[in-house]
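Everything below concerns the one structure shown next.
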Amino acid sequence: MDLETFRRRLTAHGALPVHVRRVLRLWSQGLPQDHGRRKPQDTLPAAVRAELPALLADLEALARVDSEHPAADGARRLLVRLADGQGIEAVLLPRGGLCVSTQVGCAVGCGFCMTGRSGLLRQLGSAEIVAQVALARRLRAVRKVVFMGMGEPAHNLDAVLDAVELLGTLGGLGHKAIVVSSVGDARLFERLQALPPGAVRPALALSLHSCDDARREALLPRAPRLPVAELAAAATRWARDSGYPLQVQWTLLAGLNDGDDELEGLVRLFAGQPAIVNFIPWNTVEGLPWRRPDPARSVTMVRALRERGVLATLRQSAAQDVDGGCGQLRARVDGAAGADAVPLRRIDRARPAAAAAA
Ligand SMILES: C[S@@+](CC[C@H](N)C(=O)[O-])C[C@H]1O[C@@H](n2cnc3c(N)ncnc32)[C@H](O)[C@@H]1O
Ligand code: SF4
């Protein structure tokens, strides 16, 4: 369901904009509808009150916790069941963050990501995205939402931007506490730049993984064919316009994107820019051919960037000990539907141009 359908249903029962806002504010903040001093009988028209239990039951059914998997780092990975039985992942991160999914599966097919192995199964509606936040807030406070779960936000832009707008207004989150993570797509950059004054302006994370066009193309086979230099320029432009630094996401794969050539590329693209490079050692997915780099190499990479004027950190996937990589929990519990649908292509670090043609 999308949020607009829900708004229309309320309006059809005589709700005014102020009533619609009240219902959505309480729902998206995980609060009961009788929360606060002013009760529904003081504020909502009788017809809306009569319909409210059915409407709320439909919202409730959008996303339910199927199972909860606490991790050693304090994160909690949730398998969330949607109304049609599909499963998605949401992760309660340490320090009040929440990672939400935007699609069931993903069409980009990154060679290291479990979610990408199934291809796209379906889009999430904007209400299903916000429902993950509402549900999480009934478990714990949520002060930051990152769109870094299953799916590529740029492939579901209307729903993602509707959810962002609601979360940054009635949902009570600061704009910089909303982070949209994407492989980068001209449509995403255009839509962000076209946001009207006063709209919620999310922070951006760019999943780059390589500065070499051919290597990146082989690793992210169905990401838009934008040269890395153009991607970086568009993303840092948004960082300047929004006022929030760009997060450059870099899943570290030993022997593939942990070389000095990549460090040179990162310095060229991001030295002096409002950007921070997050190196994240690959979370092993059984059956895939990659390896995590030696920890000492990861640390050296961070130091090398810092010494040359690029902000850099080394992070670990949250909830690593409980199917930490995106899509792994869903695949284990629900079965990896179509897990072999996306063939892996050979990627050769030494000869990236040849790899792209493979
Ligand atoms: C799951 S994606 C979702 C958002 C968007 N599709 C993207 O790629 O930015 C979020 C991040 O998870 C990372 N990721 C996926 N599988 C991973 C794994 N097995 N280990 C480490 N990071 C992984 C991706 O590299 C990406 O930066
Ligand atoms: S990393 Fe992101 S874009 Fe790539 S397959 Fe996974 S979800 Fe899709």
Side-chain angles (χ1 to χ4, degrees), residues 75 77 88-91 93 97-121 123-124 129 132 145-157 160 164 178-185 188 202-210 216-224 226 231 235 246-254 256-258 276-293 298 313-332 336 338-339 341-345:
R77 193 166 280 271
I88 53 168
E89 294 177 12
V91 189
L93 303 166
L98 174 73
C99 174
V100 295
S101 292
T102 57
Q103 300 182 307
V104 185
C106 178
V108 180
C110 300
F112 52 81
C113 171
M114 191 66 198
T115 298
R117 305 286 292 149
S118 61
L120 176 65
L121 301 178
Q123 301 284 20
L124 295 196
I129 299 173
Q132 296 167 63
V145 172
V146 298
F147 288 65
M148 284 188 191
M150 295 166 58
E152 169 49 44
H155 289 181
N156 192 12
L157 264 179
V160 165
V164 163
I178 303 174
V179 183
V180 174
S181 177
S182 169
V183 295
D185 189 306
L188 170 66
L204 185 64
L206 175 67
S207 291
L208 196 61
H209 312 306
S210 178
R216 187 171 191 270
E217 187 179 320
L219 194 59
L220 284 62
R222 278 176 293 283
L226 283 175
L231 267 180
L246 171 69
Q247 295 186 39
V248 180
Q249 303 292 96
W250 193 281
T251 299
L252 274 173
L253 303 163
L256 183 80
N257 63 0
D258 63 346
I276 174 159
V277 176
N278 296 320
F279 288 124
I280 306 146
W282 181 54
N283 211 78
T284 307
V285 177
E286 215 175 303
L288 296 185
W290 318 111
R291 274 184 310 111
R292 292 159 73 87
S298 309
T313 63
L314 179 60
R315 301 193 168 178
Q316 302 293 334
S317 308
Q320 263 191 79
D321 47 331
V322 286
D323 301 294
C326 168
Q328 286 177 251
L329 174 62
R330 177 187 190 276
R332 179 167 62 79
V342 183
L344 281 176
R345 295 205 280 167

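First listed ligand is number 1; within each ligand, the first listed atom is number 1.
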Would you mind telling me if ligand 1 is within reach of the side chain of N283, the backbone, both or neither, using heavy atoms under 4.0 Å? both

Can you sort out which atoms of ligand 2 are near V183, meaning under 4.0 Å from one of its heavy atoms? 3 (S)

Candidate with minimal heavy-atom separation from atom 8 (O) of ligand 1, of C113, S207, C110, S181: S207

Suppose I only count heavy atoms of H209 and a 4.0 Å limit; which atoms of ligand 1 are within that range? 25 (O), 27 (O)

Can you tell me if V183 has a non-hydrogen atom under 4.0 Å from ligand 1? yes

Would you mind writing out the side-chain donor-acceptor pairs for residues 97-110 within the sub-3.5 Å range, not counting sequence neighbours?
{"from": "S101", "atom 1": "OG", "to": "E89", "atom 2": "O", "distance (Å)": "2.6"}
{"from": "S101", "atom 1": "OG", "to": "M150", "atom 2": "N", "distance (Å)": "2.9"}
{"from": "Q103", "atom 1": "OE1", "to": "E152", "atom 2": "N", "distance (Å)": "2.9"}
{"from": "Q103", "atom 1": "NE2", "to": "Q123", "atom 2": "OE1", "distance (Å)": "2.8"}

So CZ of F279 and CG of D258: to nearest 0.5 Å the spacing works out to 9.5 Å

Check: of P221, P153, G151, G184, min heavy-atom distance to atom 7 (S) of ligand 2 comes from G151

Between R216 (side chain only) and H209 (backbone N and O only), is there a donor and an acceptor less than 3.5 Å apart? no

Distance-only, no hydrogens or angles: does the N156 side chain make a donor-acceptor pair with backbone N or O of L124 under 3.5 Å? yes

Taking W290 for the side chain and W282 for the main chain, is one N or O donor matched with an acceptor at less than 3.5 Å? no

Does M114 come within less than 4.0 angstrom of ligand 1, counting non-hydrogen atoms of the residue? no

Minimal non-hydrogen separation, L314 against P281, with atom names: CD1-CD, 3.8 Å

Please confirm if an N, O or S atom belonging to C106, backbone or side chain, lies less than 2.8 Å from atom 4 (Fe) of ligand 2. no

Mind checking whether V146 and L93 have side chains closer than 4.5 Å, heavy atoms only? yes

Contact with ligand 1 for G149, non-hydrogen, under 4.0 angstrom: yes

Please classify the V285 to ligand 1 contact at 4.0 Å (heavy-atom distances, strictly less than): side chain, backbone, both or neither. side chain

So, 4.0 Å and heavy atoms of C106: is ligand 1 close enough to count as a contact? no

Main chain of P224, side chain of D185: is a donor-acceptor contact present, judged purely on distance under 3.5 Å? no

Interatomic spacing from CG in N283 to OG1 in T251 - rounded to 0.5 Å: 9.5 Å

Using 2.8 Å as the threshold, say whether any N, O or S atom from C110 sits that close to atom 6 (Fe) of ligand 2. no

Less than 4.0 Å is my threshold; does some heavy atom of G151 fall inside it relative to ligand 1? yes

Considering all heavy atoms, the nearest L188-A154 contact: CB-CB, 4.1 Å

List ligand 2 atoms under 4.0 Å from G116, heavy atoms only on the residue side. 5 (S)

Residue G109 vicinity, atoms of ligand 2 by number, heavy atom under 4.0 Å: 5 (S)

Under a 4.0 Å heavy-atom limit, does Q249 contact ligand 1 with its side chain, its backbone, both, or neither? side chain

